[in-house]
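Written out below as C-alpha coordinates is the structure these notes cover.
This is a predicted model, so every value here is computed, not measured. Here is the naming used below: chain letters follow the sequence lines, and residue numbers restart at 1 for every chain.
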2 protein chains.
Amino acid sequence: MRDTDRSAVRALHLFADMTEASFEAVVRGSFLQSFPPGVELLRQSDTADFLHVLLDGSVELLAATAGRETTIAVVYPVASFILAAVLRDRTYLMSARTLTRARVLMIPGQNVRAVFAVDPAFAAAVVDELAVAFRFMVRELKNHKLRTGAERLANWLLLAMDPGGAVHLEFEKRVLAARLGMTPENLSRALATLGPYGVAVSGRVVSVTRPDELRRFAHPDPLIDQV
Amino acid sequence: MRDTDRSAVRALHLFADMTEASFEAVVRGSFLQSFPPGVELLRQSDTADFLHVLLDGSVELLAATAGRETTIAVVYPVASFILAAVLRDRTYLMSARTLTRARVLMIPGQNVRAVFAVDPAFAAAVVDELAVAFRFMVRELKNHKLRTGAERLANWLLLAMDPGGAVHLEFEKRVLAARLGMTPENLSRALATLGPYGVAVSGRVVSVTRPDELRRFAHPDPLIDQV
DNA sequence: AAATTGGTTTGATCTGAATCAAACGATACT
DNA sequence: AGTATCGTTTGATTCAGATCAAACCAATTT
(Lines give C-alpha, C1' and ligand atoms only; values in the text may rest on other atoms or scores of the structure.)
Protein backbone atom coordinates (compact mmCIF):
# COMPACT_ATOMS: atom_id res chain seq x y z
CA MET A 1 0.00 0.00 0.00
CA ARG A 2 1.32 3.43 -0.91
CA ASP A 3 2.04 5.95 1.83
CA THR A 4 -0.64 8.39 0.72
CA ASP A 5 -3.19 5.62 0.75
CA ARG A 6 -1.92 4.45 4.07
CA SER A 7 -2.50 7.77 5.74
CA ALA A 8 -5.91 8.11 4.12
CA VAL A 9 -6.89 4.74 5.50
CA ARG A 10 -5.42 5.57 8.89
CA ALA A 11 -7.67 8.62 9.03
CA LEU A 12 -10.86 6.59 8.61
CA HIS A 13 -13.13 6.62 11.60
CA LEU A 14 -12.72 2.89 11.92
CA PHE A 15 -8.93 3.12 12.29
CA ALA A 16 -8.34 6.59 13.65
CA ASP A 17 -8.11 5.85 17.37
CA MET A 18 -6.32 2.52 17.42
CA THR A 19 -2.67 2.08 18.36
CA GLU A 20 -0.01 2.11 15.68
CA ALA A 21 0.78 -1.52 16.41
CA SER A 22 -2.83 -2.51 16.00
CA PHE A 23 -3.10 -0.60 12.77
CA GLU A 24 -0.01 -2.33 11.53
CA ALA A 25 -1.51 -5.70 12.44
CA VAL A 26 -4.76 -4.93 10.65
CA VAL A 27 -3.13 -3.62 7.53
CA ARG A 28 -0.55 -6.37 7.16
CA GLY A 29 -1.83 -8.66 4.48
CA SER A 30 -4.38 -6.12 3.33
CA PHE A 31 -4.34 -4.82 -0.19
CA LEU A 32 -5.77 -1.95 -2.09
CA GLN A 33 -7.31 -2.75 -5.42
CA SER A 34 -8.96 -0.83 -8.25
CA PHE A 35 -11.91 -2.18 -10.17
CA PRO A 36 -13.71 -1.13 -13.32
CA PRO A 37 -17.48 -0.59 -13.23
CA GLY A 38 -19.78 -3.59 -13.08
CA VAL A 39 -17.41 -5.96 -11.32
CA GLU A 40 -18.76 -8.35 -8.71
CA LEU A 41 -16.59 -7.86 -5.64
CA LEU A 42 -18.15 -10.57 -3.60
CA ARG A 43 -21.06 -12.92 -3.91
CA GLN A 44 -23.72 -13.70 -1.36
CA SER A 45 -23.26 -17.08 0.36
CA ASP A 46 -19.49 -16.95 -0.03
CA THR A 47 -17.57 -17.06 3.22
CA ALA A 48 -16.51 -13.68 4.56
CA ASP A 49 -12.78 -13.60 3.99
CA PHE A 50 -12.22 -9.88 3.67
CA LEU A 51 -13.56 -6.72 5.18
CA HIS A 52 -14.02 -4.23 2.35
CA VAL A 53 -13.46 -0.51 2.73
CA LEU A 54 -14.53 1.67 -0.16
CA LEU A 55 -12.13 4.57 -0.76
CA ASP A 56 -13.30 5.82 -4.16
CA GLY A 57 -16.23 5.24 -6.45
CA SER A 58 -19.51 3.59 -5.58
CA VAL A 59 -20.61 0.06 -4.86
CA GLU A 60 -24.03 -1.53 -4.92
CA LEU A 61 -25.06 -4.10 -2.33
CA LEU A 62 -27.67 -6.44 -3.69
CA ALA A 63 -29.42 -9.63 -2.83
CA ALA A 64 -31.08 -12.31 -4.90
CA THR A 65 -33.28 -15.31 -4.34
CA ALA A 66 -35.38 -17.55 -6.55
CA GLY A 67 -34.35 -15.65 -9.69
CA ARG A 68 -35.30 -12.25 -8.31
CA GLU A 69 -32.86 -9.52 -7.37
CA THR A 70 -33.00 -6.33 -5.35
CA THR A 71 -30.67 -3.54 -4.35
CA ILE A 72 -30.23 -3.26 -0.62
CA ALA A 73 -27.97 -0.23 -0.48
CA VAL A 74 -25.51 1.86 -2.44
CA VAL A 75 -22.24 2.55 -0.67
CA TYR A 76 -20.20 5.74 -1.05
CA PRO A 77 -16.72 6.57 0.26
CA VAL A 78 -15.57 6.30 2.88
CA ALA A 79 -17.41 3.32 4.25
CA SER A 80 -16.80 -0.29 5.11
CA PHE A 81 -19.20 -2.95 4.05
CA ILE A 82 -20.13 -6.48 5.14
CA LEU A 83 -18.54 -5.84 8.51
CA ALA A 84 -21.11 -8.01 10.30
CA ALA A 85 -20.35 -11.07 8.19
CA VAL A 86 -16.62 -10.64 8.81
CA LEU A 87 -17.00 -10.25 12.55
CA ARG A 88 -19.17 -13.32 12.87
CA ASP A 89 -17.10 -15.25 10.35
CA ARG A 90 -20.19 -16.17 8.40
CA THR A 91 -21.25 -16.13 4.79
CA TYR A 92 -22.19 -12.88 3.08
CA LEU A 93 -25.90 -12.16 2.95
CA MET A 94 -25.47 -9.76 0.06
CA SER A 95 -23.46 -9.48 -3.12
CA ALA A 96 -21.46 -6.37 -3.94
CA ARG A 97 -20.89 -4.92 -7.40
CA THR A 98 -19.04 -1.79 -8.46
CA LEU A 99 -21.21 0.87 -10.07
CA THR A 100 -18.28 3.02 -11.13
CA ARG A 101 -14.54 2.63 -11.11
CA ALA A 102 -13.77 1.93 -7.48
CA ARG A 103 -10.81 1.62 -5.16
CA VAL A 104 -11.32 -0.86 -2.38
CA LEU A 105 -9.16 -1.76 0.58
CA MET A 106 -9.47 -5.44 1.40
CA ILE A 107 -8.57 -6.51 4.91
CA PRO A 108 -8.30 -10.18 5.88
CA GLY A 109 -11.16 -11.01 8.21
CA GLN A 110 -8.94 -12.74 10.72
CA ASN A 111 -6.90 -9.55 11.12
CA VAL A 112 -10.07 -7.70 12.03
CA ARG A 113 -11.17 -10.32 14.51
CA ALA A 114 -7.72 -10.64 16.08
CA VAL A 115 -7.16 -6.93 16.57
CA PHE A 116 -10.71 -6.44 17.75
CA ALA A 117 -9.90 -8.70 20.69
CA VAL A 118 -6.85 -6.73 21.82
CA ASP A 119 -7.44 -3.06 20.98
CA PRO A 120 -10.35 -1.43 22.85
CA ALA A 121 -10.28 1.68 20.70
CA PHE A 122 -10.69 -0.42 17.58
CA ALA A 123 -13.42 -2.45 19.27
CA ALA A 124 -15.28 0.75 20.06
CA ALA A 125 -14.99 1.96 16.48
CA VAL A 126 -16.19 -1.39 15.17
CA VAL A 127 -19.25 -1.26 17.40
CA ASP A 128 -19.94 2.26 16.30
CA GLU A 129 -19.72 1.30 12.66
CA LEU A 130 -21.92 -1.71 13.21
CA ALA A 131 -24.52 0.24 15.17
CA VAL A 132 -24.69 2.79 12.38
CA ALA A 133 -25.12 0.01 9.84
CA PHE A 134 -27.88 -1.58 11.90
CA ARG A 135 -29.72 1.68 12.22
CA PHE A 136 -29.32 2.26 8.51
CA MET A 137 -31.04 -1.04 7.81
CA VAL A 138 -33.89 -0.19 10.15
CA ARG A 139 -34.36 3.12 8.37
CA GLU A 140 -34.35 1.39 5.02
CA LEU A 141 -36.98 -1.07 6.13
CA LYS A 142 -39.15 1.74 7.47
CA ASN A 143 -38.63 3.78 4.32
CA HIS A 144 -39.72 0.84 2.24
CA LYS A 145 -42.66 -0.42 4.30
CA LEU A 146 -44.17 2.92 5.28
CA ARG A 147 -43.84 4.95 2.12
CA THR A 148 -44.81 4.82 -1.53
CA GLY A 149 -42.20 5.13 -4.25
CA ALA A 150 -43.07 8.75 -4.95
CA GLU A 151 -42.69 9.58 -1.27
CA ARG A 152 -39.30 7.92 -1.09
CA LEU A 153 -38.23 9.91 -4.13
CA ALA A 154 -39.56 13.17 -2.71
CA ASN A 155 -37.63 12.69 0.51
CA TRP A 156 -34.51 11.76 -1.37
CA LEU A 157 -34.77 14.93 -3.45
CA LEU A 158 -35.22 17.08 -0.36
CA LEU A 159 -32.00 15.68 1.07
CA ALA A 160 -30.03 15.74 -2.16
CA MET A 161 -30.90 19.20 -3.40
CA ASP A 162 -28.48 22.08 -3.05
CA PRO A 163 -29.55 25.37 -1.44
CA GLY A 164 -30.84 26.58 -4.80
CA GLY A 165 -33.17 23.60 -5.09
CA ALA A 166 -31.24 21.81 -7.82
CA VAL A 167 -30.26 18.16 -7.80
CA HIS A 168 -27.50 17.12 -10.18
CA LEU A 169 -27.66 13.39 -10.66
CA GLU A 170 -24.19 11.93 -10.66
CA PHE A 171 -25.34 8.58 -11.94
CA GLU A 172 -27.88 7.08 -14.26
CA LYS A 173 -31.54 7.22 -13.34
CA ARG A 174 -31.69 3.44 -13.37
CA VAL A 175 -29.23 3.41 -10.47
CA LEU A 176 -31.32 5.91 -8.56
CA ALA A 177 -34.37 3.77 -9.23
CA ALA A 178 -32.65 0.71 -7.78
CA ARG A 179 -31.46 2.70 -4.80
CA LEU A 180 -35.00 3.87 -4.12
CA GLY A 181 -36.36 0.37 -4.60
CA MET A 182 -38.33 0.79 -7.79
CA THR A 183 -38.06 0.12 -11.50
CA PRO A 184 -36.73 2.78 -13.90
CA GLU A 185 -40.21 3.05 -15.40
CA ASN A 186 -41.73 3.84 -12.06
CA LEU A 187 -39.05 6.36 -11.21
CA SER A 188 -39.98 8.17 -14.38
CA ARG A 189 -43.62 8.16 -13.33
CA ALA A 190 -42.81 9.14 -9.77
CA LEU A 191 -40.96 12.19 -11.07
CA ALA A 192 -44.02 13.09 -13.12
CA THR A 193 -46.19 12.63 -10.03
CA LEU A 194 -44.12 15.22 -8.20
CA GLY A 195 -44.61 17.78 -10.97
CA PRO A 196 -47.55 19.47 -9.24
CA TYR A 197 -45.36 19.94 -6.16
CA GLY A 198 -42.74 21.89 -8.05
CA VAL A 199 -40.41 19.18 -9.34
CA ALA A 200 -39.14 19.49 -12.90
CA VAL A 201 -36.69 17.24 -14.75
CA SER A 202 -34.31 18.21 -17.47
CA GLY A 203 -31.86 15.52 -18.36
CA ARG A 204 -29.73 14.87 -15.34
CA VAL A 205 -30.83 17.95 -13.45
CA VAL A 206 -33.89 17.89 -11.25
CA SER A 207 -35.11 21.22 -9.92
CA VAL A 208 -37.27 21.70 -6.86
CA THR A 209 -39.00 25.04 -7.23
CA ARG A 210 -41.39 24.87 -4.26
CA PRO A 211 -39.60 22.94 -1.52
CA ASP A 212 -42.25 23.67 1.09
CA GLU A 213 -44.96 22.07 -0.98
CA LEU A 214 -42.77 19.10 -1.73
CA ARG A 215 -42.06 18.75 1.95
CA ARG A 216 -45.77 18.70 2.68
CA PHE A 217 -46.13 15.85 0.23
CA ALA A 218 -43.08 13.95 1.43
CA HIS A 219 -43.64 13.98 5.20
CA PRO A 220 -39.92 13.92 5.93
CA ASP A 221 -39.16 12.12 9.18
CA PRO A 222 -35.84 12.41 11.04
CA LEU A 223 -36.25 8.81 12.19
CA ILE A 224 -36.09 7.65 8.60
CA ASP A 225 -34.24 10.24 6.56
CA GLN A 226 -31.67 11.67 8.88
CA VAL A 227 -28.05 10.71 8.56
CA MET B 1 -33.28 -8.34 41.52
CA ARG B 2 -33.93 -11.79 42.97
CA ASP B 3 -31.14 -14.36 43.04
CA THR B 4 -32.86 -16.74 40.62
CA ASP B 5 -33.35 -13.90 38.16
CA ARG B 6 -29.80 -12.81 38.67
CA SER B 7 -28.36 -16.15 37.70
CA ALA B 8 -30.71 -16.42 34.74
CA VAL B 9 -29.50 -13.03 33.51
CA ARG B 10 -25.91 -13.94 34.19
CA ALA B 11 -26.31 -16.96 31.92
CA LEU B 12 -27.41 -14.86 28.92
CA HIS B 13 -24.99 -14.90 26.05
CA LEU B 14 -24.53 -11.17 26.42
CA PHE B 15 -23.32 -11.47 30.03
CA ALA B 16 -21.93 -14.97 30.27
CA ASP B 17 -18.24 -14.29 29.68
CA MET B 18 -17.71 -10.99 31.45
CA THR B 19 -15.98 -10.66 34.81
CA GLU B 20 -18.00 -10.70 37.99
CA ALA B 21 -17.05 -7.10 38.68
CA SER B 22 -18.24 -6.01 35.23
CA PHE B 23 -21.49 -7.89 35.66
CA GLU B 24 -21.99 -6.18 38.99
CA ALA B 25 -21.37 -2.81 37.37
CA VAL B 26 -23.84 -3.47 34.59
CA VAL B 27 -26.54 -4.78 36.86
CA ARG B 28 -26.27 -2.08 39.49
CA GLY B 29 -29.13 0.27 38.88
CA SER B 30 -30.86 -2.18 36.59
CA PHE B 31 -34.31 -3.43 37.39
CA LEU B 32 -36.55 -6.25 36.38
CA GLN B 33 -40.12 -5.37 35.63
CA SER B 34 -43.28 -7.21 34.63
CA PHE B 35 -45.78 -5.76 32.21
CA PRO B 36 -49.28 -6.73 31.12
CA PRO B 37 -50.03 -7.20 27.42
CA GLY B 38 -50.35 -4.17 25.20
CA VAL B 39 -48.05 -1.86 27.16
CA GLU B 40 -45.78 0.52 25.29
CA LEU B 41 -42.31 -0.06 26.72
CA LEU B 42 -40.62 2.65 24.78
CA ARG B 43 -41.51 5.04 22.05
CA GLN B 44 -39.60 5.85 18.89
CA SER B 45 -37.77 9.19 19.03
CA ASP B 46 -37.29 8.99 22.80
CA THR B 47 -33.70 9.00 23.94
CA ALA B 48 -32.22 5.59 24.60
CA ASP B 49 -31.94 5.44 28.38
CA PHE B 50 -32.20 1.71 28.93
CA LEU B 51 -31.09 -1.45 27.25
CA HIS B 52 -34.00 -3.89 27.38
CA VAL B 53 -33.58 -7.61 27.78
CA LEU B 54 -36.69 -9.74 27.35
CA LEU B 55 -36.79 -12.67 29.77
CA ASP B 56 -40.39 -13.84 29.37
CA GLY B 57 -43.27 -13.17 27.02
CA SER B 58 -43.11 -11.46 23.67
CA VAL B 59 -42.59 -7.92 22.49
CA GLU B 60 -43.40 -6.27 19.19
CA LEU B 61 -41.04 -3.72 17.67
CA LEU B 62 -42.91 -1.30 15.46
CA ALA B 63 -42.38 1.91 13.60
CA ALA B 64 -44.71 4.66 12.49
CA THR B 65 -44.59 7.69 10.27
CA ALA B 66 -47.17 10.01 8.74
CA GLY B 67 -50.03 8.15 10.42
CA ARG B 68 -48.95 4.74 9.10
CA GLU B 69 -47.58 1.93 11.25
CA THR B 70 -45.70 -1.28 10.62
CA THR B 71 -44.26 -4.15 12.63
CA ILE B 72 -40.52 -4.48 12.22
CA ALA B 73 -39.96 -7.55 14.36
CA VAL B 74 -41.35 -9.67 17.14
CA VAL B 75 -38.91 -10.45 19.92
CA TYR B 76 -38.89 -13.67 21.94
CA PRO B 77 -36.86 -14.60 25.03
CA VAL B 78 -34.04 -14.39 25.58
CA ALA B 79 -33.06 -11.39 23.53
CA SER B 80 -32.02 -7.81 23.99
CA PHE B 81 -33.52 -5.09 21.93
CA ILE B 82 -32.62 -1.58 20.85
CA LEU B 83 -28.96 -2.28 21.63
CA ALA B 84 -27.77 -0.09 18.77
CA ALA B 85 -29.59 2.99 20.03
CA VAL B 86 -28.16 2.48 23.51
CA LEU B 87 -24.60 2.05 22.30
CA ARG B 88 -24.72 5.15 20.15
CA ASP B 89 -26.68 7.08 22.79
CA ARG B 90 -29.25 8.10 20.21
CA THR B 91 -33.01 8.12 19.99
CA TYR B 92 -34.95 4.92 19.41
CA LEU B 93 -35.90 4.28 15.81
CA MET B 94 -38.68 1.90 16.82
CA SER B 95 -41.34 1.65 19.48
CA ALA B 96 -41.77 -1.49 21.57
CA ARG B 97 -45.02 -2.90 22.86
CA THR B 98 -45.72 -6.05 24.86
CA LEU B 99 -47.81 -8.63 23.05
CA THR B 100 -48.24 -10.82 26.12
CA ARG B 101 -47.38 -10.52 29.76
CA ALA B 102 -43.66 -9.89 29.72
CA ARG B 103 -40.72 -9.67 32.08
CA VAL B 104 -38.07 -7.23 31.00
CA LEU B 105 -34.70 -6.40 32.46
CA MET B 106 -33.90 -2.75 32.05
CA ILE B 107 -30.26 -1.74 32.17
CA PRO B 108 -29.17 1.90 32.27
CA GLY B 109 -27.53 2.76 28.97
CA GLN B 110 -24.56 4.41 30.60
CA ASN B 111 -23.76 1.18 32.46
CA VAL B 112 -23.61 -0.64 29.14
CA ARG B 113 -21.39 1.97 27.55
CA ALA B 114 -19.09 2.20 30.58
CA VAL B 115 -18.56 -1.53 30.95
CA PHE B 116 -18.20 -1.98 27.23
CA ALA B 117 -15.12 0.22 27.40
CA VAL B 118 -13.38 -1.83 30.09
CA ASP B 119 -14.40 -5.46 29.66
CA PRO B 120 -13.25 -7.06 26.40
CA ALA B 121 -15.40 -10.15 26.88
CA PHE B 122 -18.48 -7.99 27.20
CA ALA B 123 -17.40 -5.92 24.21
CA ALA B 124 -17.11 -9.10 22.16
CA ALA B 125 -20.55 -10.27 23.25
CA VAL B 126 -22.05 -6.88 22.40
CA VAL B 127 -20.55 -6.96 18.93
CA ASP B 128 -21.84 -10.45 18.45
CA GLU B 129 -25.33 -9.46 19.48
CA LEU B 130 -25.22 -6.41 17.25
CA ALA B 131 -23.93 -8.34 14.25
CA VAL B 132 -26.73 -10.85 14.67
CA ALA B 133 -29.24 -8.02 14.88
CA PHE B 134 -27.82 -6.42 11.75
CA ARG B 135 -27.99 -9.64 9.82
CA PHE B 136 -31.52 -10.19 11.03
CA MET B 137 -32.52 -6.84 9.57
CA VAL B 138 -30.88 -7.66 6.25
CA ARG B 139 -32.79 -10.93 6.13
CA GLU B 140 -36.03 -9.15 6.92
CA LEU B 141 -35.46 -6.65 4.15
CA LYS B 142 -34.70 -9.44 1.69
CA ASN B 143 -37.68 -11.43 2.85
CA HIS B 144 -39.90 -8.44 2.30
CA LYS B 145 -38.51 -7.16 -0.98
CA LEU B 146 -37.95 -10.47 -2.74
CA ARG B 147 -41.01 -12.47 -1.76
CA THR B 148 -44.77 -12.27 -1.90
CA GLY B 149 -46.87 -12.58 1.22
CA ALA B 150 -47.81 -16.17 0.46
CA GLU B 151 -44.15 -17.07 0.02
CA ARG B 152 -43.20 -15.47 3.33
CA LEU B 153 -45.98 -17.43 4.99
CA ALA B 154 -44.95 -20.70 3.33
CA ASN B 155 -41.37 -20.31 4.51
CA TRP B 156 -42.51 -19.40 7.99
CA LEU B 157 -44.66 -22.52 8.14
CA LEU B 158 -41.79 -24.72 6.99
CA LEU B 159 -39.65 -23.43 9.84
CA ALA B 160 -42.38 -23.47 12.47
CA MET B 161 -43.84 -26.90 11.81
CA ASP B 162 -43.03 -29.83 14.05
CA PRO B 163 -41.77 -33.13 12.61
CA GLY B 164 -45.37 -34.24 12.07
CA GLY B 165 -46.08 -31.21 9.91
CA ALA B 166 -48.29 -29.43 12.42
CA VAL B 167 -47.98 -25.80 13.45
CA HIS B 168 -49.68 -24.79 16.67
CA LEU B 169 -50.12 -21.02 16.68
CA GLU B 170 -49.33 -19.66 20.08
CA PHE B 171 -50.76 -16.25 19.29
CA GLU B 172 -53.54 -14.66 17.37
CA LYS B 173 -53.45 -14.73 13.59
CA ARG B 174 -53.45 -10.96 13.51
CA VAL B 175 -50.08 -11.03 15.27
CA LEU B 176 -48.71 -13.51 12.78
CA ALA B 177 -50.00 -11.28 9.99
CA ALA B 178 -48.14 -8.30 11.40
CA ARG B 179 -45.00 -10.37 11.86
CA LEU B 180 -45.16 -11.46 8.24
CA GLY B 181 -45.85 -7.93 7.08
CA MET B 182 -49.42 -8.26 5.84
CA THR B 183 -52.97 -7.54 6.93
CA PRO B 184 -55.06 -10.21 8.71
CA GLU B 185 -57.30 -10.39 5.63
CA ASN B 186 -54.37 -11.17 3.42
CA LEU B 187 -53.00 -13.76 5.80
CA SER B 188 -56.31 -15.52 5.54
CA ARG B 189 -56.09 -15.42 1.77
CA ALA B 190 -52.46 -16.47 1.77
CA LEU B 191 -53.37 -19.55 3.81
CA ALA B 192 -56.06 -20.34 1.26
CA THR B 193 -53.51 -19.89 -1.53
CA LEU B 194 -51.33 -22.55 0.06
CA GLY B 195 -54.20 -25.06 0.15
CA PRO B 196 -53.19 -26.72 -3.14
CA TYR B 197 -49.73 -27.29 -1.69
CA GLY B 198 -51.03 -29.25 1.25
CA VAL B 199 -51.74 -26.58 3.86
CA ALA B 200 -54.92 -26.85 5.87
CA VAL B 201 -56.14 -24.63 8.70
CA SER B 202 -58.31 -25.61 11.61
CA GLY B 203 -58.58 -22.94 14.24
CA ARG B 204 -55.15 -22.38 15.67
CA VAL B 205 -53.63 -25.47 14.13
CA VAL B 206 -52.14 -25.39 10.66
CA SER B 207 -51.17 -28.69 9.13
CA VAL B 208 -48.68 -29.19 6.36
CA THR B 209 -49.46 -32.49 4.69
CA ARG B 210 -47.10 -32.32 1.70
CA PRO B 211 -43.99 -30.47 2.89
CA ASP B 212 -42.05 -31.19 -0.29
CA GLU B 213 -44.63 -29.52 -2.47
CA LEU B 214 -44.83 -26.57 -0.11
CA ARG B 215 -41.06 -26.30 -0.22
CA ARG B 216 -41.15 -26.19 -3.99
CA PHE B 217 -43.58 -23.29 -3.77
CA ALA B 218 -41.70 -21.47 -1.03
CA HIS B 219 -38.14 -21.56 -2.41
CA PRO B 220 -36.59 -21.56 1.07
CA ASP B 221 -33.22 -19.84 1.12
CA PRO B 222 -30.69 -20.22 3.93
CA LEU B 223 -29.58 -16.64 3.34
CA ILE B 224 -33.03 -15.44 4.31
CA ASP B 225 -34.65 -18.03 6.53
CA GLN B 226 -31.83 -19.56 8.48
CA VAL B 227 -31.26 -18.63 12.08
C1' DA C 1 -80.49 -19.66 26.24
C1' DA C 2 -79.88 -15.27 24.21
C1' DA C 3 -76.88 -11.62 23.42
C1' DT C 4 -72.53 -9.39 23.13
C1' DT C 5 -67.85 -9.23 21.83
C1' DG C 6 -63.74 -9.85 19.21
C1' DG C 7 -61.20 -12.37 16.05
C1' DT C 8 -61.49 -14.50 11.40
C1' DT C 9 -63.03 -15.19 6.81
C1' DT C 10 -65.03 -13.86 2.39
C1' DG C 11 -66.21 -10.66 -1.19
C1' DA C 12 -65.78 -6.37 -3.93
C1' DT C 13 -63.09 -2.58 -4.99
C1' DC C 14 -59.09 0.39 -5.30
C1' DT C 15 -54.18 1.56 -5.31
C1' DG C 16 -49.26 1.05 -5.93
C1' DA C 17 -46.08 -0.99 -8.51
C1' DA C 18 -44.19 -4.54 -11.88
C1' DT C 19 -44.25 -6.04 -16.47
C1' DC C 20 -44.58 -5.90 -21.41
C1' DA C 21 -44.21 -3.17 -25.34
C1' DA C 22 -43.26 0.56 -28.10
C1' DA C 23 -41.71 5.19 -28.92
C1' DC C 24 -38.35 8.63 -28.02
C1' DG C 25 -33.94 10.99 -27.44
C1' DA C 26 -29.25 11.57 -26.78
C1' DT C 27 -24.73 9.86 -27.53
C1' DA C 28 -21.23 7.28 -29.77
C1' DC C 29 -19.69 5.11 -33.99
C1' DT C 30 -18.95 4.22 -39.00
C1' DA D 1 -24.44 12.98 -41.97
C1' DG D 2 -26.42 8.76 -41.09
C1' DT D 3 -26.85 4.92 -38.10
C1' DA D 4 -26.57 1.93 -34.25
C1' DT D 5 -26.88 1.82 -29.21
C1' DC D 6 -28.57 2.55 -24.81
C1' DG D 7 -31.01 4.91 -21.44
C1' DT D 8 -35.43 7.08 -20.69
C1' DT D 9 -40.22 7.94 -21.19
C1' DT D 10 -45.01 6.75 -22.21
C1' DG D 11 -48.85 3.64 -22.62
C1' DA D 12 -51.51 -0.64 -21.66
C1' DT D 13 -51.97 -4.49 -18.86
C1' DT D 14 -51.39 -7.42 -14.93
C1' DC D 15 -50.52 -8.48 -10.19
C1' DA D 16 -49.97 -8.12 -5.21
C1' DG D 17 -51.87 -6.07 -1.44
C1' DA D 18 -54.65 -2.71 1.14
C1' DT D 19 -59.06 -1.16 2.20
C1' DC D 20 -63.94 -1.27 2.99
C1' DA D 21 -67.77 -3.93 4.11
C1' DA D 22 -70.31 -7.65 5.52
C1' DA D 23 -70.82 -12.26 7.09
C1' DC D 24 -69.27 -15.72 10.17
C1' DC D 25 -67.81 -18.08 14.22
C1' DA D 26 -66.47 -19.03 18.83
C1' DA D 27 -66.07 -17.80 23.40
C1' DT D 28 -67.88 -15.21 27.12
C1' DT D 29 -71.35 -12.48 29.50
C1' DT D 30 -75.91 -11.44 31.01
Side-chain angles (χ1 to χ4, degrees), chain A residues 37-38 60 62 64-71 99-100 141-156 167-195 199-206 217-219, chain B residues 37-38 60 62 64-71 99-100 141-156 167-195 199-206 217-219:
Chain A
E60 184 181 18
L62 42 99
T65 195
R68 280 158 271 181
E69 181 180 300
T70 191
T71 299
L99 284 170
T100 63
L141 195 54
K142 289 173 68 171
N143 198 26
H144 194 80
K145 288 183 78 171
L146 291 169
R147 285 175 171 162
T148 66
E151 287 169 339
R152 291 197 295 278
L153 171 62
N155 281 294
W156 185 86
V167 182
H168 301 265
L169 303 180
E170 289 159 23
F171 32 73
E172 290 165 355
K173 289 209 184 78
R174 58 194 330 227
V175 173
L176 177 60
R179 210 204 137 302
L180 293 174
M182 60 182 93
T183 59
E185 292 97 319
N186 276 334
L187 172 59
S188 203
R189 293 184 184 105
L191 281 166
T193 307
L194 299 183
V199 174
V201 190
S202 163
R204 282 211 177 176
V205 181
V206 183
F217 171 87
H219 296 293
Chain B
E60 185 181 19
L62 42 100
T65 195
R68 281 158 270 181
E69 181 180 300
T70 191
T71 298
L99 285 169
T100 62
L141 195 54
K142 290 173 67 171
N143 198 26
H144 193 81
K145 288 183 80 171
L146 291 169
R147 285 174 170 164
T148 66
E151 286 169 340
R152 292 198 295 278
L153 171 61
N155 281 295
W156 185 87
V167 181
H168 300 266
L169 303 180
E170 289 159 22
F171 33 73
E172 290 165 356
K173 289 208 183 80
R174 59 195 327 230
V175 173
L176 177 59
R179 211 205 138 301
L180 293 173
M182 60 181 91
T183 58
E185 292 98 320
N186 277 337
L187 171 58
S188 202
R189 292 185 182 104
L191 281 165
T193 307
L194 299 184
V199 174
V201 190
S202 163
R204 282 211 176 176
V205 181
V206 183
F217 170 86
H219 296 293

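- Atoms CZ (A/Arg174) and P (C/dG25) sit 20 Å apart, rounded to a whole Å.
- For A/Arg68, the salt bridge (charged side-chain N to carboxylate O under 4.0 Å, His left out) partners at least two apart in sequence or on another chain are B/Glu151.
- Minimum interatomic distance between A/Leu187 and A/Ala177 (heavy atoms only, all atoms of both residues): CD2-N, 3.8 Å.
- B/Arg68 places its CZ atom 15 Å from the P atom of C/dT15, with the value rounded to the nearest Å.
- When the C1' atom of C/dA17 is taken as reference, atom CG of A/Asn143 falls 16 Å away, rounded to whole Å.
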- Query: Passes side-chain contact (heavy atoms from CB on, under 4.5 Å), B/Leu62 versus B/Glu69? Steps please.
  - Reply: CA-CA 7 Å; B/Leu62 42 100; B/Glu69 181 180 300; 4.2 Å; yes
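- Side chains of B/Lys173 and B/Val201 form a contact here, defined as non-hydrogen atoms less than 4.5 Å apart.
- Per the geometry, CZ belonging to A/Arg147 stands 13 Å off P belonging to C/dA17, to the nearest Å.
- Atom-to-atom, CG of B/Leu180 to P of C/dT8 comes out at 13 Å; the value is rounded to the nearest Å.
- Residue B/Phe171 contributes atom CZ, which lies 15 Å from atom P of C/dG7 at whole-angstrom precision.
- Shortest non-hydrogen contact noted between B/Leu180 and B/Arg152 is O-NE, 2.7 Å.
- Across the protein-nucleic acid pair, A/Lys173 atom NZ and C/dG25 atom P stand 14 Å apart, rounded to whole Å.
- Taking 4.5 Å as the limit, some side-chain heavy atom of B/Arg204 sits within range of a side-chain heavy atom of B/Glu172.
- Counting non-hydrogen atoms under 4.0 angstrom, B/Thr148 reaches the backbone sugars and phosphates but no base.
- Distance B/Lys145 NZ to C/dA17 C1': 13 Å, rounded to the nearest Å.
- When side chains are defined from C-beta on, A/Asn155 counts as touching A/Arg147, because their heavy atoms get closer than 4.5 Å.
- Near DNA chain D, meaning a heavy atom under 4.0 Å away, the residues from residues 184-191 of chain B are B/Glu185, B/Asn186, B/Arg189.
- Residues A/Val167 and A/Trp156 are in side-chain contact: their nearest non-hydrogen atoms beyond the backbone lie under 4.5 Å apart.
- For the pair A/Thr183 and C/dA17, the criterion of a side-chain N or O lying under 4.0 Å from OP1 or OP2 is not met.
- B/Lys145 NZ to A/Leu141 CG: the interatomic distance, rounded to the nearest 0.5 Å, is 9.5 Å.
- Here chain B contacts DNA chain D (any atom closer than 4.0 Å to a heavy atom, that is under 4.0 Å), and the contacts span D/dG17 to D/dC20 from 5' to 3'.
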